[in-house]
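As structure tokens, the structure follows; a few thoughts come after it.
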2 protein chains.
Amino acid sequence: MPVSPKTKPADSSARQRLIEATAKVMREEGYAAATSRRVATEAGVKQALVYYYFPTMDDLYVEVLRSGAEASLANMRAALTDNDPLRTLWLINSDLRMTGLNTEFMALANHRKAIRAELKAYAERVRDIETAAVTVALRTAGVDVEEYPPVAVSMIIAQIARSLCNESAVGVTLGHEELRAFMKRQLDLFAGPTSDD
Amino acid sequence: MPVSPKTKPADSSARQRLIEATAKVMREEGYAAATSRRVATEAGVKQALVYYYFPTMDDLYVEVLRSGAEASLANMRAALTDNDPLRTLWLINSDLRMTGLNTEFMALANHRKAIRAELKAYAERVRDIETAAVTVALRTAGVDVEEYPPVAVSMIIAQIARSLCNESAVGVTLGHEELRAFMKRQLDLFAGPTSDD
DNA sequence: GTCTATACGACGATAGAC
DNA sequence: GTCTATCGTCGTATAGAC
């Protein structure tokens, strides 16, 4: 292990660059474009090196998913311990930077066993964290958790936010304003109104 | 035009078979597997014939989307004029047969202009129909449409149902039971309880 | 650890026979 | 309308030099 760096070079090894390059290509052109030649060029290395680090392209895809999930989980854990978990949950799942890659992995997971397993594990860890945060928030607000099960509430908030992002990504925005306003009103009811908008 | 057939051969021309074969391959193996050779074999014709009917593979994909959308819209229009539009809306969007293809086209639409345009047009027609049905249902139930805008209600019902399907497809089911039960209770509030289930 | 070189199948697309 | 044949490119993956 080398000495720990001072400014976080984010491990700029070829392996790391390949992972980031693959994520970029998948985001911008779809998983089918993330070929060994394409990602190698993007990472500034030769094609054969891809197979030195990853036995098959699927292994590389899994690694992209894994590293993205790890970063996302850390971010989520930190954000959901703040003082407004419900709205934070909404905002995190409204992040447009994640939706493209998510869609690619969803499609991939429908057809590749290894990716399906990885995505399932990640999704359930996320759900656990989000549900824990919602449980606290609802209890604090004095909401009846029999009538509003935390896991159901957290899924509705997260999935509706994601749906809006997914649709926006393909240019569909019909009804979005009304739905956003509606969700905001519901969040105000559950978590108390806020000054910002 | 030939005489109308008695048992609905569903236009078994090569062109039609190619469209169906492409949908099948996309559903089972993803859009990247829907190559000209693959779909030709599946349809029982030779590869070059694909280019007789469709100038490029993208044109074929668009045609798959268009024909699926047309069938789906007809189905939806009929179903949503029945006497329980809210629960019908929920059931239609819970159809597992559609989710796989939907995910593929969502991913494709993120990267191909022609498919994005087609998907957007389809999604907005669906939203219009669903919202119209919800508007009637809410008015009948005496719901305040200022507090519950029909387009927001229809989006929540449709998108939550779809989210559950998408997750099920990749093996994620954590929290699904609770969310289904919760949604059923809300639908009972808006549309009156039913005897079944 | 990174490279050059190569095997070989599959890709989209076209030309032209029937 | 459907076929055979072919073009040039690109795909995954491996062997082996440095």
Side-chain angles (χ1 to χ4, degrees), chain A residues 1-3 5 9-65 67 104-105 107-108 111-115, chain B residues 1-2 5 9-26 28-65 67 104-105 107-108 111-115:
Chain A
M1 234 27 176
V3 295
D11 189 3
S12 173
S13 70
R15 186 191 142 92
Q16 189 57 32
R17 288 208 315 280
L18 279 170
I19 293 175
E20 283 158 17
T22 304
K24 179 171 183 241
V25 173
M26 286 179 73
R27 213 180 297 114
E28 294 174 355
E29 303 174 47
Y31 68 80
T35 66
S36 57
R37 291 184 211 267
R38 187 79 176 66
V39 302
T41 302
E42 199 80 28
V45 298
K46 296 299 173 181
Q47 184 250 355
L49 194 62
V50 173
Y51 293 94
Y52 172 78
Y53 285 110
F54 308 96
T56 71
M57 287 304 290
D58 265 25
D59 292 300
L60 172 52
Y61 298 154
V62 167
E63 216 51 43
V64 170
L65 175 54
S67 79
E104 295 302 322
F105 277 113
L108 269 176
H111 312 292
R112 318 264 183 117
K113 225 167 54 177
I115 290 167
Chain B
M1 237 22 179
D11 188 3
S12 173
S13 70
R15 186 191 142 93
Q16 188 58 32
R17 288 208 315 280
L18 280 169
I19 292 175
E20 283 158 17
T22 304
K24 180 172 183 242
V25 173
M26 285 180 73
E28 293 174 357
E29 303 173 49
Y31 69 80
T35 66
S36 57
R37 290 176 216 273
R38 188 78 176 68
V39 303
T41 303
E42 199 80 28
V45 298
K46 297 300 175 179
Q47 184 249 354
L49 195 62
V50 174
Y51 293 94
Y52 172 78
Y53 285 110
F54 308 97
T56 71
M57 288 304 290
D58 264 26
D59 291 301
L60 172 53
Y61 297 154
V62 167
E63 215 52 42
V64 171
L65 174 54
S67 79
E104 296 302 323
F105 278 112
L108 269 176
H111 311 293
R112 318 262 183 121
K113 224 166 55 175
I115 290 166

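Every chain is numbered from 1, with letters handed out A, B, ... down the list of sequences.
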Legend entry - Gap between atoms CG and C1', on B:Leu18 and D:dG1 respectively (whole Å): 12 Å
Legend entry - salt bridge (charged side-chain N to carboxylate O under 4.0 Å, His left out) partners for A:Arg38, two or more places apart: A:Glu29, A:Glu42
Inset, instruction - For DNA chain D, find the residues of residues 52-60 of chain B with a heavy-atom distance under 4.0 Å and give them by number; none if there aren't any. - result: B:Tyr52, B:Tyr53
Inset, instruction - Can you tell me which residue pairs pass the ring-ring contact (aromatic ring centres under 6.0 Å, His included) test with a partner in residues 26-58 of chain A, sequence neighbours excluded? - result: A:Tyr31-B:Tyr31
Inset, instruction - Toss me the dot-bracket line for DNA chain C: Watson-Crick and G-U wobble, both under 3.5 Å, 5' to 3', using | for pairs to another strand and [ ] for crossers. - result: ||||||||||||||||||
Legend entry - Distance, rounded to the nearest Å, where A:Gln16 contributes CD and C:dG1 contributes C1': 16 Å
Legend entry - Partners passing side chain to side chain contact (heavy atoms under 4.5 Å, CB included) against A:Ser67 (at least two apart in sequence or in another chain): A:Ile19
Legend entry - Whole-Å gap separating C1' (D:dT12) and OH (A:Tyr31): 17 Å
Legend entry - Pairs flagged by salt bridge (Lys or Arg N to Asp or Glu O under 4.0 Å) wherever residues 43-65 of chain B is involved - sequence neighbours left out: B:Arg15-B:Glu63, B:Asp58-B:Arg112, B:Glu63-B:Arg66
Inset, instruction - Quick one: list whatever passes side-chain hydrogen bond (donor to acceptor under 3.5 Å, both in side chains) with B:Gln47, sequence neighbours left out. - result: B:Ser36
Inset, instruction - Work out which heavy atom in B:Leu49 is nearest to a heavy atom in B:Ala14; give both atom names and the distance. - result: CD2-CB, 4.1 Å
Legend entry - Atom pair CE (B:Met26) and CZ (B:Phe105), whose distance is rounded to the nearest 0.5 Å: 4.0 Å
Legend entry - Note, B:Met57 side chain near B:Val50 side chain (heavy atom, < 4.5 Å): yes
Using atom names, set out every protein N or O paired with an N or O of nucleotides 3-10 of chain C below 3.5 Å, distance rounded to 0.1 Å.
residue: C:dC3; atom: OP2; partner: A:Lys46; partner atom: N; Å: 3.0

Inset, instruction - Grab the two heavy atoms, one from B:Ala114 and one from B:Val62, that are nearest each other, plus how far apart they are. - result: CB-CG2, 4.1 Å
Inset, instruction - Would you give the length of the straight line joining atom CD of B:Glu20 to atom CG of B:Leu18, rounded to the nearest 0.5 angstrom? - result: 9.5 Å
Legend entry - Interatomic distance where CZ belongs to B:Arg38 and P belongs to C:dA13 [whole Å]: 18 Å
